[in-house]
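In what follows, a single structure is set out as structure tokens and then discussed.
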Amino acid sequence: MKAVSVSEFGTPEVLSVVSLPDLSPGPGEVAIDVTHAAVGLVDVFFRKGHFKDVPGMAQPPFVPGLEVAGTIRAVGEGVTGFKVGERVVSMSTGSGIGGYASMYLAPAHIVISIETRSIDPALGVSVIPNAAMAHAALTRVARFKAGESILIHGALGGFAAGFPGMAKMLGASRIVGTVRASKLDAANRTKLPYDLIVDSARLDDLGDEKFDVIIDPVGGIVRAQSLDLMRAGSRLIVSGNASDDWDQQLKSNDLWLRNITVSGFNAGAYLPANPEAIGPGLEAGVDLVAEGLGNIELELFPLEQAVAAHRRMEDRQLNGRIVLTTE
Ligand SMILES: NC(=O)c1ccc[n+]([C@@H]2O[C@H](COP(=O)([O-])OP(=O)(O)OC[C@H]3O[C@@H](n4cnc5c(N)ncnc54)[C@H](OP(=O)(O)O)[C@@H]3O)[C@@H](O)[C@H]2O)c1
């Protein structure tokens, strides 16, 4: 099979196309002929070696990539409910590797069929896994209720983009996003179901508005400023650090005095520990895409252009997601 490998931690140029042995599924697994592999900022962090000292993280050489779309090539022992040739999307195995390849192995429980829905596989792989994570984060961690309001930082980012549609499906009363000023044009034309998107450097424009839930995959200064946008009982879900600011701190006494909750959500840790959240999340993700609530901008690159795709991911001008294609 064809794959993109990280030969050593470093710049995008460490990515190169290699030939690897074909894969066959073990018990409980399916093998997928990959047509589309999503590119995420976390792939860039993995490639740079940001998490190289975290136990269990892949060391070079490894094939990056968390999420794929394609067709079932073979099913392993004990797998029911999938047939060869069926169109599917898989979310991450937890290890966060293996997706940038023409073939991928996944445990069957993290794979969902898109066979009977009119879903573009490039959009499906870009949105369904993130929407499934949004479902778990909102229903199980934030305990989001119909009628509540939500603020989503980095509103057009890949992970963030799963939240507005999911919040709408869960009955949100108001859905607001923040982006940097350079993304306001893209925010104005987004088809995602935001009621409003504001400049993250001008949060004062929100006036006295407060939110029940805030989703923060960005970190840095907007994380600290989020506390002023919360009312008693609000929940801030810390779910990423796109800003790469690892020094940002919140004061624990602020949580007490403001009567607010700050929770972490990391799907790579949460879903393996709570696998029963995966199926309902994936089903909700398919519904979200089928209902047109996840229509983000896509940029497609051939697998062979993974270096260019990672450069694009790092230029901070992306308004949606990058997808690698194998065909
Ligand atoms: N919790 C989870 O389970 C989970 C799952 C997937 C990803 N993540 C995390 O979520 C974060 C975002 O990942 P993603 O794949 O959604 O990335 P993405 O598509 O690049 O989106 C990141 C967003 O963050 C904002 N941002 C602020 N400072 C940035 C910087 N220095 N570089 C790049 N973006 C910056 C950008 O919005 P503006 O340009 O508008 O500022 C951008 O739209 C990462 O930390 C990732 O590890 C978490």
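The structure displayed is predicted, hence computed values, not measured ones. Numbers here simply count residues along the sequence, with the first being 1. Atoms considered below: every heavy atom in the structure, side chains included; atoms not considered: hydrogens, waters and symmetry mates.
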Heavy-atom side-chain proximity of T178 to I197 below 4.5 angstrom: no
Distance-only donor-acceptor check, side chains E115 and S113, under 3.5 Å: no
Less than 4.0 Å between a side-chain N and a carboxylate O, is that true for R47 and E314? yes
Looking just at side-chain N and O atoms, do S200 and H153 make a donor-acceptor pair shorter than 3.5 Å? no
Strictly below 4.0 Å, N to O, side chains only: are D228 and R258 in salt-bridge contact? yes
Distance-only side-chain donor-acceptor flag, S149 / D212, under 3.5 Å: yes
Could you list the residues that satisfy salt bridge (Lys or Arg N to Asp or Glu O under 4.0 Å) with E304, not counting sequence neighbours? K2
Are the side chain of E291 and the backbone N or O of L288 linked by a donor-acceptor pair below 3.5 Å? no
Would you call E13-R311 a salt bridge at under 4.0 Å N-O? yes
Do the side chains of E148 and R235 get close enough for a salt bridge, i.e. N-O under 4.0 angstrom? yes
List the atom pairs, with distances to 0.1 Å, where a side-chain N or O of residues 55-70 and a protein N or O form a donor-acceptor pair under 3.5 Å, not counting sequence neighbours.
| unit_1 | atom_1 | unit_2 | atom_2 | d |
| --- | --- | --- | --- | --- |
| Q59 | NE2 | K52 | O | 2.9 |
| Q59 | NE2 | M57 | O | 3.3 |
| E67 | OE1 | R321 | NH1 | 3.1 |
| E67 | OE1 | R321 | NH2 | 3.2 |

Is F144 reachable from L293 through a run of hydrophobic residues whose side-chain heavy atoms are each under 4.5 Å from the next? yes
Take the angle between the ring planes of F51 and F45 and call it parallel below 30°, perpendicular above 60°, tilted in between. perpendicular
Donor-acceptor contact below 3.5 Å, side chain T71 vs main chain R87: no
Return the set of residues passing salt bridge (Lys or Arg N to Asp or Glu O under 4.0 Å) with D53 (not counting sequence neighbours), or none when no residue passes. none
Can you find a pair of side-chain heavy atoms, one from V176 and one from F211, that are under 4.5 Å apart? yes
Kindly say whether A31 contributes a backbone atom to a donor-acceptor pair with the side chain of R73 at under 3.5 angstrom? no
S252 and D254: side-chain donor and acceptor closer than 3.5 Å? no
Donor + acceptor pair across side chains of D43, Y100 (<3.5 Å): yes
Answer whether the closest heavy-atom distance between the side chains of V218 and R223 falls below 4.5 Å. no
Just by distance, do the side chain of N274 and the backbone of A277 share a donor-acceptor pair under 3.5 Å? no
State whether the side chain of N130 and the backbone N or O of G158 hold a donor-acceptor pair below 3.5 Å, judged by distance alone. yes
If you define the side chain from C-beta out and look only at heavy atoms, does anything of P121 sit under 4.5 Å from I119? no
